[in-house]
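Take a look at the structure set out below.
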Amino acid sequence: MIQEALHEAGLDTHPSFTTCGLTTEMLVVAKSLFTEAEDEAEEEVLPGTLPQQSFKIGDVPSARNGVESVNSSALLSTVTHTMRQKNYSQLPVIDGLADLKGVITWDSIAARYEKGEVPTLSSAMIRDDLPLAEVHQELFTRLPELQRCGYLLVRENNGTFAGIITGADITARFHKLAQPFFLVGEIEFRIRRCLGPKLTGDPVRALGKKYQSGDFSRLMFGDYVKLLATDQQDARLAQLAETNWATLGWTGVDQAQFVAQLDRVRTIRNQIAHFDEQPLTVRQTDELYQFSGLLKQLL
């Protein structure tokens, strides 16, 4: 509603009220001042693109990948064989689809031996305070319990067991989600170190009125492409790009290939910044690694 009202009045806010912090000071400005920033707008995190709900237990893949279990009548030797064979640290004991009897772990077995007993499945399994979770619950509130117990048994809303989450699953999930952010952050840092010292000033001011300070740190990712692309529609910027490239002095780097890869990285960066539901492909991740490695050589 606020966006629509601003649009009808020919106004906008800088920075965008949809993405800045609650205490950030904003300028209310004429919409026309932002006509030069259409490319930049594509790189902002637009309203509705950020996650609209908290991260749920069911968002972790292993929470719904099924859970292997044993019946309460099984021999302990059979259970330990399965645990060794599949490198499990724990195995739930479930009769039927939802009758949880307990969980057997290497620690619970060792505890019986420490007491001088010959353990059985019944005597060794843990029965009390089991870490149970449901797919609709928030993940982050359950992380302390996961850290303490090492796992969470996950139930569907109908009570049947859907999967199990371990510390390794959280580590893998974090790596998959965080790796692209760190790679893009590293690339932006290196771009600023590579280009900033030589292109601050007139090259930056040539990009438009809002960059009259000549401050390179104010540029968006799409502006990096404008500084160096000779095939862009703006003939003036295309001509200046030749001068900018010569200023860098990278005689061993092909300008066209560098700009093309920079633009591909820009597209990947936007996909990450907009929290695209589709994970990066192996090729896209490799593209980020390769470009980061190239920038390291240019520093």
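Scope of the values below: all heavy atoms of this structure, side chains included, with no hydrogens, waters or symmetry mates.
Gln179 and Tyr289 share a side-chain donor-acceptor pair at under 3.5 Å. Using modelled atom types and a 3.5 Å distance limit, the side chains of Ser108 and Thr105 yield a donor-acceptor pair. At a cut-off of 3.5 Å, with distance as the only test, a side-chain donor of Ser217 or Asp215 sits close to an acceptor on the other residue. Of the N and O atoms on the side chains of Thr230 and Glu242, not one donor lies less than 3.5 Å from an acceptor on the other residue. Counting only N and O atoms by type, the side chains of Asp169 and Thr166 include a donor and acceptor under 3.5 Å apart.
Hydrophobic clustering keeps Val70 apart from Leu130 (ILVMFWY residues linked when any side-chain heavy atoms are closer than 4.5 Å, directly or through intermediates). Both Trp250 and Val259 are part of a single hydrophobic cluster, where members link through side-chain heavy atoms under 4.5 Å apart. Val135 and Leu153 fall into different hydrophobic clusters, where Ile, Leu, Val, Met, Phe, Trp and Tyr are joined by side-chain heavy atoms under 4.5 Å apart, directly or via other members. Under the 4.5 Å side-chain heavy-atom criterion for Ile, Leu, Val, Met, Phe, Trp and Tyr, Leu146 and Trp106 are members of distinct hydrophobic clusters.
Ring to ring, Tyr211 and Phe216 are not that close: their centroids are 6.0 angstrom or more apart.
Rounded to the nearest 0.5 angstrom, Ser122 OG and Arg127 CZ are separated by 4.0 Å. Residue Arg269 holds its CZ atom at 11.5 Å from CD1 of Ile187, rounded to the nearest 0.5 Å. Taking CZ of Arg218 as the start and OG of Ser213 as the end, the distance is 5.0 Å to the nearest 0.5 Å.
In this structure Tyr88 satisfies the ring pair (Phe, Tyr, Trp, His ring centres under 6.0 Å) test with no other residue, sequence neighbours excluded.
Identified under the side-chain hydrogen bond (donor to acceptor under 3.5 Å, both in side chains) test for residues 191-201, with sequence neighbours left out: Arg192-Tyr224.
In this structure, Val79 and Ile104 approach most closely via the heavy-atom pair CG1-CG2, 3.5 Å.
Counted within 6.0 Å of NE2 on His7, heavy atoms from surrounding residues, nucleotides or ligands total 12 or fewer; the atom is thus considered open. The environment of CZ in Arg283 is sparse: at most 12 heavy-atom neighbours from other residues, nucleotides or ligands sit within 6.0 Å. Gln212 CD: more than 12 foreign heavy atoms inside a 6.0 Å radius. Annotation for Leu97: atom CG does not count as buried by contact number, only 12 or fewer foreign heavy atoms lying within 6.0 Å. Residue Gln239 places its CD atom among 12 or fewer non-hydrogen atoms of other residues, nucleotides or ligands, all under 6.0 Å distant.
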Between Lys56 and Asp59, is the salt bridge (Lys or Arg N to Asp or Glu O under 4.0 Å) condition met? List the steps. CA-CA 5 Å; Lys56 304 296 185 184; Asp59 292 329; over 6 Å; no
